[in-house]
Structure formats: structure tokens, C-alpha cells
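Okay, structure first, notes after.
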Amino acid sequence: MKIVGISGAITGSKTKIAVQFALDHIQANHPGAETELIDLSQNEMVFSDGRDFRDYTDDTAKVTATIMAADAILIGTPTYQASISGALKNVLDLLPERAFQEKNVAIITTAGSPKHYLVAELQLKPILAYMKARIAQNYVFIEERQYDRGQIVDDDVTLRLQRLADDLRVRNPSTPRNHQTKRRTLRFLNKKRLYNHIPHRDITV
């Protein structure tokens, strides 16, 4: 089972620390799980321009392909202007509508104030639902005060991160049924890609 974590921050380290903590827990406690961290601060992503995700190159192609190949996704985002980061939104825009179909997806949000607690609920969950994700019911919200010297120092937060990481393993997407769903999704995308490359005549009535 391949679990990919996404750190949606391009500055600072708090989001990355939280996502990496959860991935490390999975690696240590779930034999057979393969984890990978996508740190958007270390990738040169281009802006989405409506192309098929397979038409991009370099870091953009690598990041989108890694996400599409994952069985489960752990998304971490900082809070900017009462919303998710623009870097994360751009990655989501680069992906097709069914990118998360039959994938377990869990959320971690970080912020400087408790007033942003509902960002995941109001901003990110609707996007993930539209992209057909199986969204973990609970998410982890972490305030700046719960970090110290590059570490999470709140025991309740670390426990909730561990539980969130375990939730990604509750239903294993690596089943024959889900592999069939992946193949159907890829066939749909290939047909859509072919259709978009066929010239169409404008018809006026």
C-alpha cells in the first residue's frame, strides 16, 4: 500500500513536521506500507492551465504522477488568509476530477490561531469530495503554540496524528475491486484526453 503525504507549505516547517510525523508512525507500525512525502517547498510547480496532468513535465509531472499512483493521501496545509495554501490549491487544480476516487484521504491543518479550526471543514473537504475522495471523518488541527524548537510538544496532538495515520489503514484500497476502479478511471481519462485532441466544428442554429 502506497501512502503519500503532501506538505502544502512553501515557507516554514510546521506543516511538514506534522505530515512527516504521521508518515513515520505509519512506517513504524504498519509493515508493508510504503510512504513518501511530497514537500511543495522543494518542488518547482507550474500553474495549472487546464492541460491533462500527463502533459506536464519536470517536478509538476513527478508530483502529479506520484499522487495519482497512491492508494491513500495525507494532505497537510497551512492556513493563509483563512483558507488553504495557494500552492496546495494549485496541485489540486492540476489533477483530474476523479483523482481521489477510491482513495482514503486524511487532512492536517496548521494555523497561528484557533479561529481557523474550520478551514479544513469549509475549504478543503468540499474540494476533496468533488474529487471523489473517501475523506477521513476527523482531521487534525494544530496551532503554532503546540510546537517548540521544531517539534510537536502537545501529547494530545501527537495522539490524534497517530490515530489519523491509522485511519488511513482502516480500509485497504489495494483490493481487486479498487484496482479495477483505478483502471476504469484511467480509461475514462484516456478517452477524455483523446476527445479533447479531436478538432470540433462550431455548430450554429
Side-chain angles (χ1 to χ4, degrees), residues 1-46 48 53 56-80 84-95 99-100 103-111 119-120 124-125 127-128 131 133-136 138-144 146-154 157-170 172-174:
M1 183 181 186
K2 177 68 176 286
I3 300 173
V4 171
I6 304 171
S7 173
I10 58 173
T11 60
S13 61
K14 292 180 177 60
T15 301
K16 177 182 176 181
I17 290 168
V19 174
Q20 188 65 68
F21 180 93
L23 293 178
D24 289 344
H25 175 79
I26 292 171
Q27 199 71 60
N29 294 276
H30 297 281
E34 178 187 356
T35 63
E36 181 175 348
L37 174 68
I38 296 175
D39 182 357
L40 294 185
S41 70
Q42 301 300 312
N43 289 274
E44 303 235 356
M45 306 292 292
V46 301
S48 170
F53 75 96
Y56 292 92
T57 59
D58 302 324
D59 284 349
T60 305
K62 180 184 69 174
V63 167
T64 54
T66 299
I67 294 171
M68 291 296 292
D71 295 304
I73 311 287
L74 178 59
I75 296 178
T77 180
T79 304
Y80 298 145
I84 65 175
S85 73
L88 175 60
K89 183 59 168 65
N90 182 54
V91 169
L92 298 175
D93 288 342
L94 287 162
L95 298 171
F100 298 139
K103 296 182 192 289
N104 293 343
V105 180
I107 301 170
I108 299 170
T109 58
T110 60
V119 165
L124 187 50
K125 279 191 176 183
I127 299 172
L128 298 178
M131 298 175 75
R134 281 199 306 250
I135 308 168
N138 297 319
Y139 56 89
V140 177
F141 174 80
I142 314 174
E143 294 179 54
E144 185 174 357
Q146 293 167 316
Y147 291 86
D148 184 49
R149 300 178 185 178
Q151 292 186 325
I152 299 170
V153 294
D154 188 310
V157 170
T158 58
L159 178 60
R160 287 188 286 118
L161 284 171
Q162 290 167 353
R163 287 176 177 169
L164 186 74
D166 291 335
D167 282 347
L168 283 173
R169 299 279 303 174
V170 168
N172 191 338
S174 297

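Heavy atoms only: backbone and side chains are in, while hydrogens, waters and symmetry mates are out.
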(request) Looking only at non-hydrogen atoms, find the nearest pair between Asn90 and Val46 and report the distance. (result) ND2-O, 2.9 Å

(message) Are the side chains of Phe141 and Val119 in contact, using a 4.5 Å heavy-atom criterion?
(response) no

(message) The test is side-chain contact (heavy atoms from CB on, under 4.5 Å); show your working for Ile38 and Lys62 and say whether it passes.
(response) CA-CA 10 Å; Ile38 296 175; Lys62 180 184 69 174; over 6 Å; no

(request) Side-chain contact test, heavy atoms from C-beta onward, threshold under 4.5 Å: evaluate it for Ile75 versus Leu128 and give yes or no. (result) yes

(request) For Asn104 and Leu168, indicate whether the former's side chain and the latter's backbone hold a donor-acceptor pair under 3.5 Å. (result) yes

(request) Find the distance between CG (Leu92) and CE (Met131) and round it off to the nearest 0.5 Å. (result) 5.5 Å

(request) For Gln27, check side chain to side chain donor-acceptor pair (under 3.5 Å) against everything at least two apart and list the hits. (result) Thr35

(message) Using every non-hydrogen atom in the two residues, find where Ile26 and Ala165 come nearest and quote the distance to one decimal.
(response) CG1-CB, 3.6 Å

(message) Looking at Lys103 and Ala70, would you say the former's side chain and the latter's main chain have a donor-acceptor pair under 3.5 Å?
(response) yes

Less than 3.5 Å apart, which donor and acceptor atoms pair up between the side chains of residues 6-19 and the rest of the protein, not counting sequence neighbours?
from, atom 1, to, atom 2, distance (Å)
Ser7, OG, Lys16, N, 3.4
Thr15, OG1, Thr110, OG1, 2.8
Lys16, NZ, Asp39, OD2, 3.4

(request) Could you list the residues that satisfy side chain to side chain donor-acceptor pair (under 3.5 Å) with Asp24, not counting sequence neighbours? (result) Gln20

(message) Could you measure the distance from the CD1 atom of Ile142 to the OH atom of Tyr147? Nearest 0.5 Å is fine.
(response) 4.0 Å

(request) For Tyr56, enumerate each residue passing the side chain to side chain donor-acceptor pair (under 3.5 Å) test, keeping only those at least two apart in sequence or located in another chain. (result) Asp49

(message) Looking at every heavy atom in both Leu23 and Glu36, which two are closest together, and how far apart are they?
(response) CD1-O, 3.8 Å

(request) Looking only at non-hydrogen atoms, find the nearest pair between Ile107 and Lys125 and report the distance. (result) CD1-CG, 3.8 Å

(message) So, taking the atom named NZ in Lys2 and the one named CG in Asp71, what distance separates them when rounded to the nearest 0.5 Å?
(response) 9.0 Å

(request) Using the test side-chain contact (heavy atoms from CB on, under 4.5 Å), find all partners of Lys89 that sit at least two apart in sequence or belong to another chain. (result) Ile84, Asp93, Ile127

(request) Taking all heavy atoms of Asn43 and all of Asp59, pick out the closest pair and write down the distance. (result) CA-OD2, 3.4 Å

(request) Please round to the nearest 0.5 Å and tell me the distance separating atom CG of Leu95 and atom CZ of Phe53. (result) 7.5 Å

Distance-only donor-acceptor pairs under 3.5 Å for side chains of residues 157-164, two or more places apart:
from, atom 1, to, atom 2, distance (Å)
Thr158, OG1, Asp155, O, 2.8
Arg160, NE, Asp156, OD2, 3.0

(message) Quick check against the 3.5 Å criterion: does Ser85 have a side-chain atom that pairs as donor or acceptor with the backbone of Thr77?
(response) no

(request) Identify the heavy atoms of Met68 and Ala99 that sit nearest to each other, and give their distance. (result) SD-CB, 3.7 Å

(request) Find the distance between CZ (Phe21) and CG (Leu74) and round it off to the nearest 0.5 Å. (result) 12.0 Å

